[in-house]
Engineer: 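Okay, here's the structure, questions in a sec.
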Number of protein chains: 2
Amino acid sequence: MKVMRETIVSTARELFRSKGYAGASMNDLADAVGLKKSSLYVRFPNKEALVPAVLDLTLQETFGQRDSASGQWDDEFVEVIEFIATTLTDRGRCVGLHLAYGTSDETPIAKHAVRAFFQAHRDHLSSILSRAMPVDVARDIATDTLARLEGATAFVAIFGEKDAMKRAVRLSIEEAKNAAAAKSLSSR
Amino acid sequence: MKVMRETIVSTARELFRSKGYAGASMNDLADAVGLKKSSLYVRFPNKEALVPAVLDLTLQETFGQRDSASGQWDDEFVEVIEFIATTLTDRGRCVGLHLAYGTSDETPIAKHAVRAFFQAHRDHLSSILSRAMPVDVARDIATDTLARLEGATAFVAIFGEKDAMKRAVRLSIEEAKNAAAAKSLSSR
DNA sequence: GTAAAATACGACCGAACGGTCGGTTGTTAA
DNA sequence: TTAACAACCGACCGTTCGGTCGTATTTTAC
């Protein structure tokens, strides 16, 4: 009876999402995948090593199948942020942020993985936006977009409300289009 | 040698801020205030009871000394969100959100306290804004403002960057003023 | 089919967890 | 000053934590 590595990782992700790093135990994870705790150490040297695996899988799912430069920048931007917003709304918490808050200098590998996770998100959105506007503007909009989605997720988590997330998506799209239009005017 | 209750509560706040509910132990707290763990139970029946105390103190500090209707709505709005933004920037994490993510149905008292904390924040901002705009618009702007500040805090926590917070403050003020101006136009 | 490799289990380790309780010390009120 | 009360400590409890290791079982490769 062999449990797939990806099953362990995606299960760990949901545990980290709901309970955070400190609150999710290796025994929780073992129970959830139908193994005993010691079996997890065959695949992962320690608890901390689960974090990069979880975040890499999540990045792969978010951006992995997306063919960059496949269409209009704005369609692609909308598609990505709607994918992210839908995931966050459905799951009610952001695993990246829960891990960000739950890791520290005492878990350097995990901390670095979290930072890389958010950096990849920002870089990916920036690269889409920079097809339509200056790089520095694109970066700020990418940052603010992620911040809005993160903040709106808090309202999903706390109140079960989805309106803030809808507005966050709408405002982010508007902001991006306005910035692109402003560049369009200034380049005439 | 008597340790003040407020010292315990504000110390607990910083521990919950940095380590979350599960990650902060009663022994951490005892060490930090210079007591032994069992002494904490004289004042608090259990760990969970610390959460409402922490959040009530924070609300008191944020809104307690503010005289409502003391001036122009916009000055007051700016003052409050700048106070919140400064605190979040200085501390690098939002204790409310860390507790929100770290509490569940297993800690119902804490979960309820977190919800009340964010509700109080939203209500307070809404009441300021509703002096200048319809109640439903005020509520949405209050929500989006808090979401932006929350999201910008994530960038402080993860990257140590403050720019996103500055933009969040600026955009929130703009949004509020635009909404007030829109009401002003429509009422002529 | 068989041997080697991979996976899984159960028992174990030391440390830490939230919380309890009897005894001691410090503070307060009369 | 003294008694009552509050605060504090140290030892203790049962449980859980991350992780280790010898053995058993399953899977894989030839």
Side-chain angles (χ1 to χ4, degrees), chain A residues 1-54 98-99 101-114, chain B residues 1-54 98-99 101-114:
Chain A
M1 203 247 290
K2 182 174 169 180
V3 177
M4 286 179 56
R5 187 178 189 272
E6 187 165 307
T7 302
I8 296 172
V9 175
S10 64
T11 306
R13 175 172 62 192
E14 299 315 313
L15 274 169
F16 286 147
R17 189 193 299 279
S18 60
K19 298 186 172 192
Y21 186 74
S25 73
M26 295 300 271
N27 210 53
D28 289 337
L29 177 57
D31 285 347
V33 297
L35 293 179
K36 297 302 180 182
K37 185 174 58 167
S38 55
S39 308
L40 298 175
Y41 292 90
V42 173
R43 293 230 179 63
F44 299 94
N46 50 49
K47 184 178 180 181
E48 190 180 354
L50 287 165
V51 176
V54 159
H98 210 170
L99 286 172
Y101 266 30
T103 54
S104 64
D105 292 335
E106 287 168 40
T107 50
I109 291 170
K111 187 177 177 183
H112 180 261
V114 167
Chain B
M1 197 240 295
K2 183 171 170 179
V3 177
M4 288 180 52
R5 188 177 188 272
E6 186 165 307
T7 301
I8 296 172
V9 174
S10 64
T11 306
R13 176 171 61 193
E14 300 314 314
L15 275 168
F16 285 145
R17 189 193 299 279
S18 61
K19 298 188 172 190
Y21 186 74
S25 74
M26 295 300 271
N27 211 53
D28 287 339
L29 178 56
D31 284 348
V33 296
L35 292 177
K36 297 300 181 181
K37 184 173 59 165
S38 55
S39 306
L40 298 174
Y41 292 91
V42 173
R43 292 231 177 64
F44 299 94
N46 49 48
K47 182 178 180 178
E48 191 179 352
L50 287 164
V51 176
V54 160
H98 210 170
L99 287 171
Y101 266 32
T103 55
S104 64
D105 292 335
E106 289 169 38
T107 49
I109 291 170
K111 186 177 175 181
H112 181 263
V114 167

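Quick note on labels: first sequence line is chain A, next is B, and so on, each numbered from 1.
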Engineer: Let me know the distance between CG of D31(A) and P of dT16(D), rounded to the nearest Å.
Structural biologist: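 After rounding, the reported distance stands at 11 Å.
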Engineer: Quick one: K36(A) NZ to dT20(D) C1', roughly how many Å, whole number?
Structural biologist: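 Answer to the nearest Å: 17 Å.
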Engineer: Tell me: CE of M4(B) to P of dC8(D), nearest whole Å?
Structural biologist: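 Going from CE in M4(B) over to P in dC8(D) covers 12 Å.
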Engineer: Tell me: CZ of F44(B) to P of dA7(D), nearest whole Å?
Structural biologist: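 It is 11 Å, rounded to the nearest whole Å.
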Engineer: Looking at every non-hydrogen atom in both residues, tell me the closest pair between V54(A) and A12(A) and how far apart they are.
Structural biologist: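 Here V54(A) and A12(A) meet closest at CG2-CB, 3.9 Å.
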Engineer: Counting only N and O atoms by type, is there a donor-acceptor contact under 3.5 Å from the side chain of S25(A) to the main-chain atoms of D28(A)?
Structural biologist: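 Here the side-chain-to-backbone pair exists.
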Engineer: Any side-chain N or O of R5(B) below 4.0 angstrom from OP1/OP2 of dA7(D)?
Structural biologist: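 Answer no for this pair, as no side-chain N or O of R5(B) is under 4.0 Å from OP1 or OP2.
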Engineer: Can you give one letter per nucleotide of nucleotides 15-22 of chain C, 5' to 3': B if a protein heavy atom sits under 4.0 Å from the base, S if only from the sugar-phosphate, - if neither?
Structural biologist: --SBBBB-
Engineer: Under the criterion ring pair (Phe, Tyr, Trp, His ring centres under 6.0 Å), I'd like the reasoning laid out for F16(B) against Y21(B): C-alpha separation, chi angles, the key distance, then a yes or no.
Structural biologist: CA-CA 6 Å; F16(B) 285 145; Y21(B) 186 74; 5.7 Å; yes
Engineer: Nearest 0.5 Å, what's the CZ-CG distance between R13(A) and L50(A)?
Structural biologist: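 Reported to 0.5 Å precision, the distance equals 13.0 Å.
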Engineer: Give the rounded distance in Å between these two atoms: CD1 of I8(A) and C1' of dA6(C).
Structural biologist: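 So the two atoms are 13 Å apart, to the nearest Å.
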Engineer: Under 3.5 Å, sequence neighbours excluded: what are the donor-acceptor pairs made by side chains of residues 37-44 of chain A?
Structural biologist:
residue	atom	partner	partner atom	Å
S39(A)	OG	K36(A)	O	3.4
R43(A)	NH1	V3(A)	O	3.1
R43(A)	NH2	V3(A)	O	2.8

